[in-house]
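Note sheet for the following structure.
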Amino acid sequence: MTTDSAAAQSVGSPRLYALELVPGGVHRINPHDGTVTDIALGIPEVPDGIVVDETEGYAYFTLMGAPDTPLQPNVEPPFTHRNGSVQRVPLAGGVPQIVVPRGTFTTGKQLTTDPATGRLYWCDREGRGVYRAERDGSGLTALILTAGQGPTRAEEECVGITVDTAHGWLYWTQKGPSDGGKGRILRARLELPDGTSPGDRDDIETLWEGLPEPIDLELDPSGQVLYWTDRGAGPLGNTLNRAPVPPPGRRGDAPTIVASEFHEAIGLAIDHARGNAYVSDLSGAVYEITLADGSKRLVTKFPGPVTGLALVL
């Protein structure tokens with residue numbers, strides 16, 4: 001990777017952060033010219049979701065943990081052992097530090113945060129759940145546990161997540177089997193209803209179903225439009241999608257495909273002020289998409305697959 005200088009990104013210009021799957025790495029990208037700064041390299045436990053706090057000076061990221069079988073190019077191994085974690089690394093570079101210990105959950109996927117409280121929220125794919133913790137790792141709480149709630153295990157796997165703290169909502173994806181057309185996007189309250197547990201909550205709504213394989217989620221600042229990537233088969237998969245958020249008790253309208261022809265789209269970050277989205281895929285590409293017309297521009301391409309993205313303005 002090339003390295004950007006401090007002058008290359010002026011104050012106020014966006015900074016894009018990306019996770020490389022194999023070999024594991026945390027990187028900062030100048031979205032204007034595609035130059036890359038390596039923050040951490042050689043992370044062995046497969047990073048997936050990322051949150052960045054430049055004021056604090058750290059990138060937080062989930063790890064899927066050690067896979068059941070050795071990593072190989074173009075092969076996604078199973079992750080059934082409970083060895084996922086949340087870690088952080090200084091943005092100036094350094095050794096990752098453990099925030100939520102290994103084995104607390106199974107497979108860490110998309111990570112998001114509530115900036116007002118600093119709380120972290122993430123999905124556990126093979127563990128089939130959604131979790132919350134404070135920024136220091138304390139207060140670990142299971143919010144959703146889906147085991148035993150689907151016809152197949154794959155239909156219970158939670159992957160993407162976003163939160164609307166202003167209105168008190170949690171949104172997440174359950175991707176379903178690979179290219180299976182059984183993916184869903186669901187919603188529940190951020191807090192457990194009284195008298196319920198994470199496994200038997202009575203406030204969960206299915207907003208969309210029958211999707212190819214929905215992955216990462218982003219919500220616009222008003223909480224009224226939801227965006228997501230889908231890594232499933234085309235023409236509805238390998239896409240960036242958006243749809244209005246339905247009112248409580250209603251299903252979502254058919255989504256609009258904003259852009260397509262990715263190579264298993266994963267990470268998503270949106271610059272709402274500039275009308276751009278950034279999407280990463282398993283080919284290692286990071287694209288900028290103009291939301292108005294869906295046009296795509298390749299920002300940079302990594303040697304290995306890219307998972308989570310985070311944008312700082």
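Note that the numbering runs from 1 along the sequence shown for the chain. Any value given below was found using the heavy atoms of this structure, including those in side chains, with hydrogens, waters and symmetry copies removed.
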Under 3.5 Å, side chain of [X] to main-chain N/O of [Y], donor-acceptor pair present?
{"X": "T162", "Y": "E218", "value": "no"}
{"X": "T307", "Y": "P47", "value": "yes"}
{"X": "T206", "Y": "L186", "value": "no"}
{"X": "E155", "Y": "P177", "value": "no"}
{"X": "T173", "Y": "G160", "value": "yes"}
{"X": "D230", "Y": "E213", "value": "yes"}
{"X": "T35", "Y": "N30", "value": "no"}
{"X": "S280", "Y": "V286", "value": "no"}
{"X": "E20", "Y": "G304", "value": "yes"}
{"X": "D220", "Y": "Q224", "value": "yes"}

Nearest heavy atoms of [X] and [Y], plus distance in Å:
{"X": "K109", "Y": "D48", "value": "NZ-OD2, 2.8 Å"}
{"X": "Y171", "Y": "R187", "value": "CE2-CD, 3.4 Å"}
{"X": "D281", "Y": "H263", "value": "OD2-N, 3.0 Å"}
{"X": "A18", "Y": "I29", "value": "CB-CD1, 3.8 Å"}
{"X": "A142", "Y": "P198", "value": "O-CG, 3.1 Å"}
{"X": "A259", "Y": "G294", "value": "CB-O, 3.8 Å"}

Are side-chain heavy atoms of [X] and [Y] found at a separation under 4.5 Å?
{"X": "V258", "Y": "L291", "result": "yes"}
{"X": "E54", "Y": "R15", "result": "yes"}
{"X": "L21", "Y": "V306", "result": "no"}
{"X": "V86", "Y": "F105", "result": "yes"}
{"X": "Y121", "Y": "T113", "result": "no"}
{"X": "E205", "Y": "R251", "result": "no"}
{"X": "H32", "Y": "S13", "result": "yes"}
{"X": "L240", "Y": "F262", "result": "yes"}

Distance in Å, [X] [atom1] paired with [Y] [atom2], rounded so as to fall on 0.5 Å steps:
{"X": "Q174", "Y": "R184", "atom1": "CD", "atom2": "CZ", "answer": "4.5 Å"}
{"X": "L211", "Y": "K175", "atom1": "CG", "atom2": "NZ", "answer": "13.0 Å"}
{"X": "S197", "Y": "L143", "atom1": "OG", "atom2": "CG", "answer": "12.0 Å"}
{"X": "Y17", "Y": "I50", "atom1": "OH", "atom2": "CD1", "answer": "8.5 Å"}
{"X": "W172", "Y": "E157", "atom1": "CH2", "atom2": "CD", "answer": "15.0 Å"}
{"X": "D53", "Y": "Y60", "atom1": "CG", "atom2": "OH", "answer": "7.0 Å"}

Say whether [X] and [Y] are linked into one hydrophobic cluster, either directly or through other cluster members, by side-chain heavy-atom distances under 4.5 angstrom.
{"X": "L219", "Y": "L190", "answer": "no"}
{"X": "V22", "Y": "I43", "answer": "no"}
{"X": "V26", "Y": "V52", "answer": "yes"}
{"X": "L16", "Y": "L313", "answer": "yes"}
{"X": "L140", "Y": "V99", "answer": "yes"}

Return yes when atom CD of E261 has more than 12 non-hydrogen atoms of other residues, nucleotides or ligands closer than 6.0 Å, and no otherwise.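 For E261, atom CD is not crowded (no more than 12 foreign heavy atoms under 6.0 Å).
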
Electrostatic pair E288:K296 at N-O distance under 4.0 angstrom: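 Judged by the 4.0 Å cut-off on N to carboxylate O distance, E288 and K296 do not form a salt bridge.
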
Does a side-chain N-to-carboxylate-O contact under 4.0 Å join R231 and D179?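 Salt bridge: no.
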
Side chains of [X] and [Y] only: does a donor on one sit below 3.5 Å from an acceptor on the other?
{"X": "R119", "Y": "T165", "result": "no"}
{"X": "H27", "Y": "D38", "result": "yes"}
{"X": "Q87", "Y": "Y58", "result": "no"}
{"X": "S295", "Y": "T290", "result": "yes"}
{"X": "T107", "Y": "E126", "result": "yes"}

Identify whether NZ of Lys or CZ of Arg in R189 sits under 6.0 Å from the centre of the six-membered ring of W169 and within 45° of that ring's axis.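 Satisfied, under 6.0 Å and within 45°.
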
NZ or CZ of R88 within 45° of F61 ring axis and under 6.0 Å: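 No, a cation-pi geometry is absent between R88 and F61.
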
Worked check of side-chain contact (heavy atoms from CB on, under 4.5 Å) between E264 and N238: CA-CA 5 Å; E264 299 201 55; N238 277 314; 4.1 Å; yes

Do L311 and Y278 pass the side-chain contact (heavy atoms from CB on, under 4.5 Å) test, and can you show the C-alpha distance, the side-chain angles, and the key distance before you say yes or no? CA-CA 9 Å; L311 185 68; Y278 296 92; 4.1 Å; yes

Test N276 against I270 for side-chain contact (heavy atoms from CB on, under 4.5 Å), laying out the working first. CA-CA 6 Å; N276 296 326; I270 299 181; over 6 Å; no

Classify the ring geometry between Y131 and W122 as parallel (under 30°), tilted (30 to 60°) or perpendicular (over 60°).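 The rings of Y131 and W122 lie parallel, inter-plane angle below 30°.
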
Does the side-chain contact (heavy atoms from CB on, under 4.5 Å) test come out yes or no for L217 and Q110, once each step is laid out? CA-CA 8 Å; L217 290 173; Q110 189 180 11; 4.2 Å; yes

Given D68 and T80, is the side-chain hydrogen bond (donor to acceptor under 3.5 Å, both in side chains) satisfied, shown in steps? CA-CA 7 Å; D68 299 1; T80 61; 2.4 Å; yes

Sort out for me which residue in L145, I161, D124 forms a side chain to side chain contact (heavy atoms under 4.5 Å, CB included) with V130.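 It is I161, the one option of L145, I161, D124 that forms the side chain to side chain contact (heavy atoms under 4.5 Å, CB included) with V130.
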
